[in-house]
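One structure is given below, encoded as structure tokens.
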There are 2 protein chains.
Amino acid sequence: MLRIGSSVEYATRLMVRLAAEADGATLSAERMSALENVPRDYVDQILQRLRRAGLVESRRGAQGGYKLSLEPSRITIGRIVKAVDEGVFEAVCGRYSAGDTKCSHSDGCGIRPVWERLGLFVEEYLDNVTLAELLEPELGVSARVKHLFGAER
Amino acid sequence: MLRIGSSVEYATRLMVRLAAEADGATLSAERMSALENVPRDYVDQILQRLRRAGLVESRRGAQGGYKLSLEPSRITIGRIVKAVDEGVFEAVCGRYSAGDTKCSHSDGCGIRPVWERLGLFVEEYLDNVTLAELLEPELGVSARVKHLFGAER
DNA sequence: TCAATCTTGATTAGATAGGTCAGGTATGTT
DNA sequence: AACATACCTGACCTATCTAATCAAGATTGA
Ligand code: FES
Ligand code: FES
């Protein structure tokens with residue numbers, strides 16, 4: 001139901017690596033592959049998706065590589081996830097085309113909003129964790145997220 | 001990443017049907033299949049999983065069928081989901097066996113807690129929506145869940 | 001020129017989800 | 001007893017998706 005796939009995990013790890021890089025220094029895909037133990041060609045594929053989403057910039061040729069295109073504090077896990085994982089949230093009800101009566105509840109259904117809210121909920125969570133916060137592991141999860149939990153757990 | 005699969009949606013719909021049944025009246029799998037437009041054999045399969053989880057009771061033979069084994073107010077969506085969907089939450093980090101160094105972060109990783117919290121978060125949400133609440137669609141999503149969202153959205 | 005490095009898109013092997021099937025067991029009715 | 005109804009069990013199939021690989025090209029720096 002909720003699954004952090006390898007592309008999402010890899011992308012996050014790569015981004016954290018880049019964020020840890022001092023200044024605007026670049027890292028090559030080759031190097032990131034070695035550092036993060038992610039298959040070389042797969043690193044390429046993931047970085048391209050991140051680039052197309054505007055999260056990283058690249059420079060080709062010798063001494064080329066990648067670097068973040070925004071400050072770590074402006075990049076959220078949510079953006080990373082959306083960049084590499086097309087359908088972040090998907091419910092069955094939405095898969096039926098209009099005429100299809102398969103989901104007989106379509107109108108005034110009490111169940112559907114539960115899934116939809118859950119989707120928003122997860123998005124809200126992911127959009128409130130930034131790369132910058134991940135660089136300070138002693139904080140654990142973002143303080144900004146904690147309010148979402150309500151009372152202490 | 002977050003996907004409401006058909007087994008989860010079907011199970012929820014079937015449970016709502018049963019909850020709507022007055023008193024302890026039973027419904028046959030055949031009938032539920034027709035009412036909810038879910039493949040006959042698949043209904044069987046799903047109801048068995050719900051029964052093994054203790055959420056429904058069955059009676060065999062003529063005039064047999066299924067009914068809830070608990071009051072609707074004591075059955076949460078979370079329990080339904082866990083009954084039909086084995087690995088509700090799964091992160092990549094957890095897939096590597098101890099010796100495997102694939103995930104070089106394993107210790108003191110700042111990323112992993114983000115996924116773990118998300119898992120708890122989703123569980124908390126699902127465990128706070130009951131069948132009883134779904135029977136009153138005018139309420140939309142449970143008031144008990146709203147506090148999880150923090151301020152108005 | 002040459003080597004390093006990103007860029008593009010197709011392809012493949014394996015896992016998973018969604019659904020089907022065949023055969024069995026229990027129970028009510030006649 | 002016989003029969004129909006309906007649950008029960010577990011194996012099986014198939015389309016889709018994921019993770020990963022591959023091949024060929026385009027830039028850049030030395
Ligand atoms: S619209 Fe799909 S369950 Fe109600
Ligand atoms: S332990 Fe897997 S990303 Fe850190």
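Residue numbers begin at 1 in each chain, while the letters A, B, ... track the order of the sequences.
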Original post:
Where along residues 64-72 of chain A does a heavy atom fall under 4.0 Å from DNA chain C?
Top reply: A:Gly64, A:Gly65, A:Tyr66

Original post:
Can you give one letter per nucleotide of nucleotides 20-30 of chain C, going 5' to 3': B for a protein heavy atom under 4.0 Å from the base, S for sugar-phosphate only, - for none?
Top reply: BB--BBBBS--

Original post:
When you measure from the side chain of A:Ser33 to the backbone N and O of A:Ala29, does any donor-acceptor pair fall under 3.5 Å?
Top reply: no

**OP:** Look at A:Arg17 together with A:Glu21 and state whether they make a salt bridge at an N to O cut-off of under 4.0 Å.
**Re:** no

Original post:
Counting N and O atoms only, with roles assigned by atom type, does the side chain of A:Tyr125 sit under 3.5 Å from a partner on the main chain of B:Val114, one being a donor and the other an acceptor?
Top reply: yes

Original post:
Think B:Ser28 has a side-chain N or O under 4.0 angstrom from the OP1 or OP2 of D:dT5?
Top reply: no

**OP:** Mind running side-chain hydrogen bond (donor to acceptor under 3.5 Å, both in side chains) on B:Thr130 and B:Glu133 for me, showing each step along the way?
**Re:** CA-CA 5 Å; B:Thr130 70; B:Glu133 292 161 329; 3.2 Å; yes

**OP:** Look at the side-chain N and O atoms of B:Ser7 and state whether any lies under 4.0 Å from the OP1 or OP2 oxygen of C:dA17.
**Re:** no

**OP:** Write out all pairs satisfying ring-ring contact (aromatic ring centres under 6.0 Å, His included) with one or both partners inside residues 15-35 of chain A, taking only residues at least two apart or from two chains.
**Re:** none

Original post:
Which pairs pass ring-ring contact (aromatic ring centres under 6.0 Å, His included) with one or both residues in residues 13-42 of chain A, sequence neighbours excluded?
Top reply: A:Tyr10-A:Tyr42

Subject >> Pairing residues for A:Arg40 by the side chain to side chain donor-acceptor pair (under 3.5 Å) criterion, not counting sequence neighbours >> reply: A:Glu30, A:Asp44

Original post:
How long is the line joining CD of A:Glu36 and P of D:dA20, in whole Å?
Top reply: 14 Å

**OP:** To the nearest 10°, let me know how far the axis at one end of the helix from C:dT1-D:dA30 to C:dT30-D:dA1 is tilted from the axis at the other, five pairs an end.
**Re:** 10°

Original post:
Using a cut-off of less than 4.0 Å, is there contact between a side-chain N or O of B:Ser58 and OP1 or OP2 of D:dC8?
Top reply: yes

Subject >> Between P of D:dA26 and CG of A:Asp44, the distance in whole Å >> reply: 17 Å

Subject >> Toward the 5' end of DNA chain D, by each residue's nearest nucleotide, A:Asp85 or B:Met32 >> reply: B:Met32

Original post:
When you look at A:Leu18 and A:Leu14, which way does the side-chain contact (heavy atoms from CB on, under 4.5 Å) test go after all the steps?
Top reply: CA-CA 6 Å; A:Leu18 286 175; A:Leu14 295 176; 5.6 Å; no

Original post:
Can you check whether B:Tyr10 has a side-chain N or O nearer than 4.0 Å to OP1 or OP2 of C:dG19?
Top reply: yes

**OP:** Could you tell me which residues satisfy ring-ring contact (aromatic ring centres under 6.0 Å, His included) with A:Phe89, sequence neighbours excluded, listed by chain and number?
**Re:** none

Original post:
Got a sec, which pairs hit side-chain hydrogen bond (donor to acceptor under 3.5 Å, both in side chains) with one end in residues 53-71 of chain A, sequence neighbours left out?
Top reply: A:Gln48-A:Tyr66

**OP:** Specify the separation, in whole Å, of atom CZ of A:Arg3 and atom C1' of C:dT16.
**Re:** 9 Å

**OP:** With sequence neighbours excluded, tell me which residues meet side chain to side chain donor-acceptor pair (under 3.5 Å) with A:Gln45.
**Re:** A:Arg49

Original post:
Of the residues in residues 46-55 of chain B, which ones touch DNA chain D at a heavy-atom distance under 4.0 Å?
Top reply: B:Gln48, B:Arg51, B:Arg52

Subject >> Interatomic distance where CE belongs to A:Met1 and C1' belongs to C:dT16 [whole Å] >> reply: 16 Å

**OP:** Flag the pair A:Met1 / B:Arg3 as yes when at least one side-chain heavy-atom distance between them is below 4.5 Å, and no otherwise.
**Re:** no

Original post:
Among all residues two or more places apart in sequence or in another chain, which pass the side-chain contact (heavy atoms from CB on, under 4.5 Å) test with B:Ala20?
Top reply: B:Leu135

**OP:** For residues 77-87 of chain A, pull every pair meeting side-chain hydrogen bond (donor to acceptor under 3.5 Å, both in side chains), keeping only residues two or more places apart or in separate chains.
**Re:** A:Lys82-A:Asp127

